[in-house]
Amino acid sequence: MPELPEVETIRRGLQPHLDGQIIKNITFNRDNLRTPITLGARQLIQGQTVSSLTRFGKYLFVNLSNAQTIVWHMGMSGTVRIYPQGPSEYEPKKHDHIVIETEAGATIAYNDPRRFGMFYIIPTDELSLHKPFSDMGDDALDYDTAILYEKLRLRKAPIKTVLLDQAVIAGLGNIYVCEALFKAGISPLKAANTMSRQKTKRLAEEIDKTLALAIENGGSTLKDHRLTDGSMGYFQHMFDVYGRAGETCPRCANDKKSINCIEQIKQAGRSTFYCPRTQKI
DNA sequence: CGGCAAACCTGCGAGC
DNA sequence: TGCTCGCAGGTTTGCC
């Protein structure tokens with residue numbers, strides 16, 4: 001599910017219920033997700049105050065007053081449900097792997113059927129040195145276009161594949177890469193190292209617009225993603241190309257030039273949706 | 001090192 | 001109705 005807009009939507013939902021709150025209790029209903037849940041995790045988390053709730057790329061960071069940080073990733077199918085009234089209101093669901101109760105009385109449940117998610121704790125000051133983050137690119141909501149251009153210049157793989165690499169830019173996933181490339185009129189097959197400064201700037205503008213609009217709309221619910229109140233995102237209704245193989249893209253529809261122009265292809269094992277007529281190499 | 005397939009899991013829809 | 005197959009928002013590993 002979660003690319004940057006979905007994770008940011010979850011972060012904003014958690015903010016009023018977790019930031020500044022004391023974690024009274026945390027329950028792990030299994031000892032691993034994608035990564036193991038260490039034995040000491042509960043002791044390090046329980047009783048601590050949340051000093052801030054931040055996001056980097058698709059990762060959520062719950063920073064604690066004891067200088068430890070919970071690194072939280074939603075995998076493919078992770079969702080967070082908040083019950084402000086606490087345990088009396090909480091309805092356990094299958095695949096609720098982690099349940100947090102705050103001193104203020106809220107219950108927060110992490111549900112993840114496919115268990116591709118991650119939830120582990122590391123010292124806050126080691127975050128930037130830590131494995132995935134140490135060589136991750138800038139966050140897709142706050143990056144330098146000139147640096148993006150330099151990174152693209154070093155890669156000859158297709159632009160679609162390169163933008164999915166979190167070391168290039170952090171937070172983009174399959175949906176938003178397809179959508180941004182469409183809006184920028186760039187073919188997903190174009191070699192990254194053939195991107196001009198001008199085209200990179202154009203792409204960056206469309207990435208910015210696409211992510212902002214998606215966040216405004218609560219992210220995209222294909223199947224699993226939910227806001228923390230259980231409601232669905234809305235941005236899936238605004239896709240130009242993702243999941244629309246065989247349909248007509250908005251540009252071609254406007255020009256009355258073609259129908260059924262949207263094609264679905266595979267790149268590095270992932271589906272790509274695009275309009276071959278209007279997305280240029 | 002770069003690039004790609006496969007693996008990690010469960011659930012769901014399509015087709016038979 | 002029920003079975004099998006393929007596919008899904010991501011990341012990591014291992015093999016050319």
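Below, read A as the first sequence line, B as the second, and so on, with proteins coming before strands; counting in each chain starts at 1. Values reported hereafter were calculated over all heavy atoms of this structure, with side chains retained and with hydrogens, waters and symmetry mates removed.
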Q) With respect to the phosphate group of B/dG11, does any side-chain polar atom (N or O) of A/H95 fall under 4.0 Å of OP1 or OP2? A) yes
Against the side chain of A/D224, the closest entry in C/dG10, C/dT12, C/dG9 is C/dG9
field: Atom C1', compared across B/dG3 and C/dG9: separation rounded to whole Å
entry: 22 Å
From NZ of A/K160 across to C1' of C/dG9 the rounded distance in Å is 12 Å
| said: Below the 4.0 Å mark, does C/dG9 have OP1 or OP2 next to a side-chain nitrogen or oxygen of A/Y242? | reply: yes
Next on the checklist: If you take the centroid of each ring, where Trp contributes its six-membered ring, are A/H73 and A/F61 closer together than 6.0 Å?
Outcome noted: no
Measuring centre to centre across the rings, with the benzene-like ring taken for any Trp, is A/Y274 within less than 6.0 Å of A/Y242? no
Query - A/T161 side chain vs A/A157 backbone, donor-acceptor pair below 3.5 Å - result: no
A/K131 atom NZ is separated from C/dT12 atom P, nearest whole Å, by 9 Å
When rounded to whole Å, the CE to P distance for the pair A/M76 and B/dC12 reads 15 Å
A correct dot-bracket answer for DNA chain C, with pairs being Watson-Crick or G-U at under 3.5 Å, [ ] for crossing pairs and | for inter-strand pairs, is .|||||||.|||||||
- Message: For the base of C/dT11 and the side-chain ring of A/F116, does the geometry meet a stacking cutoff of under 5.5 Å between centres and under 30° between planes?
- Response: no
Between CZ of A/F273 and C1' of C/dG9 the distance, given in whole Å, is 12 Å
Practice item. Report yes if the distance between the aromatic ring centroids of A/W72 and A/Y110 is under 6.0 Å, otherwise no. Key: yes
note: A/I169, atom CD1; C/dT11, atom P; distance rounded to Å ~ 13 Å
Taking only the P atom of each, what is the distance from B/dC9 to C/dC3 in whole angstrom?
24 Å
